[in-house]
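Chain letters run A, B, ... following the sequence lines, proteins first, then strands; residues in each count from 1.
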There are 2 protein chains.
Amino acid sequence: MGYEEEIFTVLKTHHLRLTKTRKALIEVFFRYEVPLSAQDISRELSKIQRAVNKTTVYRELERLREIGIIGAVQLGDRKQYYELALRRHHHHLICLRCAVVEDIDMDERALLGQEKRIQGEKHFTILRHSLEFFGLCKMCS
Amino acid sequence: MGYEEEIFTVLKTHHLRLTKTRKALIEVFFRYEVPLSAQDISRELSKIQRAVNKTTVYRELERLREIGIIGAVQLGDRKQYYELALRRHHHHLICLRCAVVEDIDMDERALLGQEKRIQGEKHFTILRHSLEFFGLCKMCS
DNA sequence: TGACAAACGCAACTCAGTTGCGTTAGAGTA
DNA sequence: TACTCTAACGCAACTGAGTTGCGTTTGTCA
Ligand SMILES: [Mn+2]
Ligand SMILES: [Mn+2]
Ligand SMILES: [Zn+2]
Ligand SMILES: [Zn+2]
């Protein structure tokens, strides 16, 4: 079963319908590898003649996040960004000048070790972490 | 020279005056070890009979950030938080249920190694990183 | 094909932060 | 101490991201 089919199965188990809007919105995430904001989504849907009200976009993003299809990312400005949660865990490089975003894979074994230590010391259950790198991209530095 | 005096010297070199408001605002940061929002600052200033207009708070926070006295932190909600930049580099544990925030120190040697590798591979100049841990605190888990 | 809940659009709203502009007040100088 | 210059301040109006309530439409399943 491909990723898209898997997603549609997840929707079904949550009694979420496969509307044209929802399908188009999920496809937007498949077409971009960078985190997208509500406005990004709106713009992309308009481009393909599937314009929707912004309330729908926000509600949809929240629903997809709740059921784990997308995940929220914070890139340092006041917006929420989202990306497909099925991508393997990774972090981002964010250019402070041109705002370009790049996915970054890294060996997190040391980090997971630290998490384990912190959980023990602080009696805090760590569920997730956010790690983003800010700086200047090739073009801007 | 103590920290406060050092800060006041920095202000002077940037031609920033030592107003009652600015002094009180900086002292608020010294009294709390957790990141503070503009509203937190406003509330604390009101408590000590030094209430100021919110525009002043926002402008002041931005100025202090520009000259490096405070640094911005993002804790997952839509607000900006700030803390004294003179604190040694550290990260945070954030409880997803009660929102309590705790400073966390960790060995970042492995992380700095990864940064070096990324800089080389991606031709991206990393200037800073944000690393926050989300989960459930002792009381909430 | 009918019923029912999910999805949708719209307008009005909230909340964090910003802008323009006129007034007030530190701080260096006379 | 008074003078001057500009940083700092308050206020009102605004912006932009996201939210809410509610009435209407549409998918899905029987
Ligand atoms: Mn990504
Ligand atoms: Mn801290
Ligand atoms: Zn760049
Ligand atoms: Zn808690």
J.: Taking for each residue the nucleotide of DNA chain D bearing the nearest heavy atom, is the 5' side occupied by R78(B) or by E60(B)?
T.: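 Closest to the 5' end, via its nearest nucleotide, is E60(B).
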
J.: Would you say the base of dG18(D) and the side-chain of K79(A) have a donor-acceptor pair closer than 3.5 Å?
T.: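 Absent.
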
J.: Distance only, no hydrogens: is a donor on one side chain within 3.5 Å (strictly under) of an acceptor on the other, for H92(B) and E102(B)?
T.: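 No, E102(B) and H92(B) have no side-chain donor paired with an acceptor closer than 3.5 Å.
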
J.: Describe the nucleic acid contact of T21(A) in one word from base, sugar-phosphate, nothing, applying a heavy-atom distance below 4.0 Å.
T.: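 T21(A): backbone/sugar contact only, no base atoms under 4.0 Å.
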
J.: When you measure from the side-chain N and O atoms of Q39(B) to the phosphate of dG17(C), is any distance below 4.0 Å, counting only OP1 and OP2?
T.: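 The answer is yes; a side-chain N or O of Q39(B) sits under 4.0 Å from OP1 or OP2.
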
J.: Does R17(B) make a side-chain donor-acceptor contact with the base of dA7(D), cut-off 3.5 Å?
T.: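 Answer is yes: a donor-acceptor pair is held.
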
J.: Between the base of dG10(D) and the side chain of R59(B), is one N or O donor paired with an acceptor at under 3.5 angstrom?
T.: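 When only heavy-atom distances are counted, R59(B) does reach the base of dG10(D) through a donor-acceptor pair under 3.5 Å.
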
J.: Starting at atom NZ of K23(A), determine the distance to atom P of dT26(D), rounded to an integer number of angstrom.
T.: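 Between P of dT26(D) and NZ of K23(A): 18 Å.
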
J.: Would one find more than 12 heavy atoms of other residues, nucleotides or ligands at under 6.0 Å from atom CZ of R117(A)?
T.: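 Enclosed: over 12 neighbouring heavy atoms sit under 6.0 Å from CZ of R117(A).
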
J.: Using a strict cut-off of less than 4.0 Å between a Lys/Arg side-chain nitrogen and an Asp/Glu carboxylate oxygen, indicate whether R65(A) and E62(A) qualify as a salt bridge.
T.: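 Looking at E62(A) together with R65(A), the answer is yes, because their closest N to O distance falls below 4.0 Å.
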
J.: Go nucleotide by nucleotide along DNA chain C from the 5' end; which of Q80(B) and K12(B) gets its closest nucleotide reached first?
T.: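 With Q80(B) and K12(B) compared, the 5'-side residue is Q80(B).
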
J.: Given atom CG of L61(A) and atom P of dA17(D), what is their separation to the nearest angstrom?
T.: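 Those two atoms, CG and P, are 14 Å apart.
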
J.: For Y82(A) and dA17(D), give me the distance from atom OH to atom C1', rounded to whole Å.
T.: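 Computing the Y82(A):OH to dA17(D):C1' distance gives 11 Å.
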
J.: Any ion pair linking K47(B) and E44(B) (charged N to carboxylate O, less than 4.0 Å)?
T.: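 Between K47(B) and E44(B) there is a salt bridge, with a charged N closer than 4.0 Å to a carboxylate O.
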
J.: Expressed in angstrom and rounded to an integer, what is the separation of R63(B) atom CZ from dA7(D) atom P?
T.: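 Rounded to the whole Å, the gap is 10 Å.
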
J.: Closest nucleotide of DNA chain D for L16(A) versus for K54(A): which of these residues is on the 5' side?
T.: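 The residue mapped nearer the 5' terminus is K54(A).
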
J.: Give a yes/no on whether any side-chain N or O of Y58(B) is located under 4.0 angstrom from OP1 or OP2 of dT18(C).
T.: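 So the side-chain polar atoms of Y58(B) never come under 4.0 Å of the phosphate oxygens OP1 or OP2 of dT18(C).
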
J.: Strictly below 4.0 Å: does T19(A) bring a side-chain N or O up to OP1 or OP2 of dG27(D)?
T.: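 Result: no.
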
J.: H90(B) and D105(B): side-chain donor and acceptor closer than 3.5 Å?
T.: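 Judged by distance alone, the side chains do not pair up.
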
